[in-house]
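What follows is a set of notes on a single structure, which appears directly below.
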Amino acid sequence: MPFSNLGLSSSFLDKLAQLGYEKAYPIQQQAIPAILKGKDILGIAQTGSGKTASFVLPILELLQTQKPSKNRHIKVLVLVPTRELAIQVNEVFQVFSKDLPVKLKSMAVYGGVSINPQMISLQGVEILVATPGRLLELQENKAFSAAELQILVLDEADKMLNLGFREEMDRIFALLPKKRQNLLFSATLSPDLESINKNLLHEPVIVQVEEEKKNLDLIKQFVYLISEEKKGPLLRYIIKTGKMEQVLVFTSSVHKADTVADKLNKNGIKAVAIHSKKSQQARIQALENFKAGRTTALVATDIIARGIDIKFLPFVINYELPRSPKDFIHRIGRTGRAEASGEAISLVTPEEAQHFKVIQKKMGKVATQIDGNDLNLHGY
Ligand code: AMP
């Protein structure tokens, strides 16, 4: 369906065309008209489904129709589970609000960095994207007021609950005006989430899209059976012989991410590790360099498996398997997005083989198997 059928004004249609968004994705087809009508939304959708634009576009459209007030106040609050997602969602707001007739100011706030500059920059912000903990800190410092709030968005609500944000979220809900529009997005529906839905949403329009399966069909999957001590040389062999220029490598611990990145660098493959022990600035820099093609390999723990959007990422390598099949799907979902195909490669030791079987069963997909021990890894 073209975007022109959804009730968006021409300033957005031109921008969508410039960005190469030719047709609206299913979640956008369903959510945009409902949000424009002022309805609450319960969206069951994964990253990669186009869910960000499905709320950003109608929110900006709604704000465009309002007279700009002299004293700008926060009208839209988007709660997200991680700093990376906060930055990314804010970027989407900024891309779509650039050059609009009514100027709108948006900002991302998150913990792990000094609060003072955020308090100063909050002046005049109308759209705030925040992680729950930092939002409460700002409120305690009297830098955040929700008196004029019109729209609340919970993005990746299931992840926020998994990360233990329930209490913070309840404290935030208590600060908000009763009359408002609520948009809740989640990859899954858990009983905990049900209770939030019941208390928060008013006759929501339910939007559900099956994204994971569709994504998986676009991903070519390979599994290399290999011993633990040969994983390093095999990784370098795969990157070098595959002439990979942009590859996301997953490990299951911070320490492993650092050592794998170190070894890659020592062997002439530009790599950088990204994980929770790195400073926020270092994480932003690492992602920027990777997106811009200045680093070949980004070695990551699961912290960035969700939510990070890297357009057309061609390769994902699981140096180690994650514990849950869900995390596996989220990891490999970083490739094969936005209808582009990608390749996911897993390095599996005999000890991990049974666990990999379980993952494949849950996915309903079987990876092409290669015996890494048959390869000549000498010199890698
Ligand atoms: P999201 O699920 O919001 O993380 O979006 C996934 C990716 O799809 C992002 O790179 C978006 O820029 C892209 N995208 C979203 N909607 C469309 C569309 N209608 N056409 C093409 N790309 C899109």
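Positions are given from 1, in the same order as the sequence printed here. Predicted model, so just to flag it, every value in this text is computed and none were measured. As the structure lists them, so they are numbered: ligands from 1, and atoms in each ligand from 1.
Taking the side chain as every heavy atom from C-beta outward, Thr251 and Thr301 approach each other to under 4.5 Å.
Taking a cut-off of under 4.0 Å to the non-hydrogen atoms of Lys23, the atoms of ligand 1 that pass are 18 (C), 19 (N), 20 (N). Under a 4.0 Å criterion applied to the non-hydrogen atoms of Thr52, ligand 1 contributes the atoms 1 (P), 3 (O), 4 (O).
For the pair Gly50 and ligand 1, the shortest N or O to N or O distance falls below 3.5 Å. In terms of polar-atom proximity, Ser49 is counted as a contact of ligand 1, with an N or O under 3.5 Å from an N or O of the ligand.
Looking at Phe55, Phe3, Tyr25, it is Tyr25 that brings a heavy atom closest to atom 20 (N) of ligand 1.
Using cut-offs of 30° and 60° on the angle between ring planes, the pair Tyr237 and Tyr380 is perpendicular.
When only modelled atom types and interatomic distance are considered, Ser106 and Asn90 share a side-chain donor-acceptor pair under 3.5 Å.
We find that Lys231 and Glu352 are joined by a salt bridge, their nearest charged nitrogen and carboxylate oxygen being less than 4.0 Å apart.
Residues Leu161 and Ser190 share a closest heavy-atom pair of CD1-OG, 4.5 Å.
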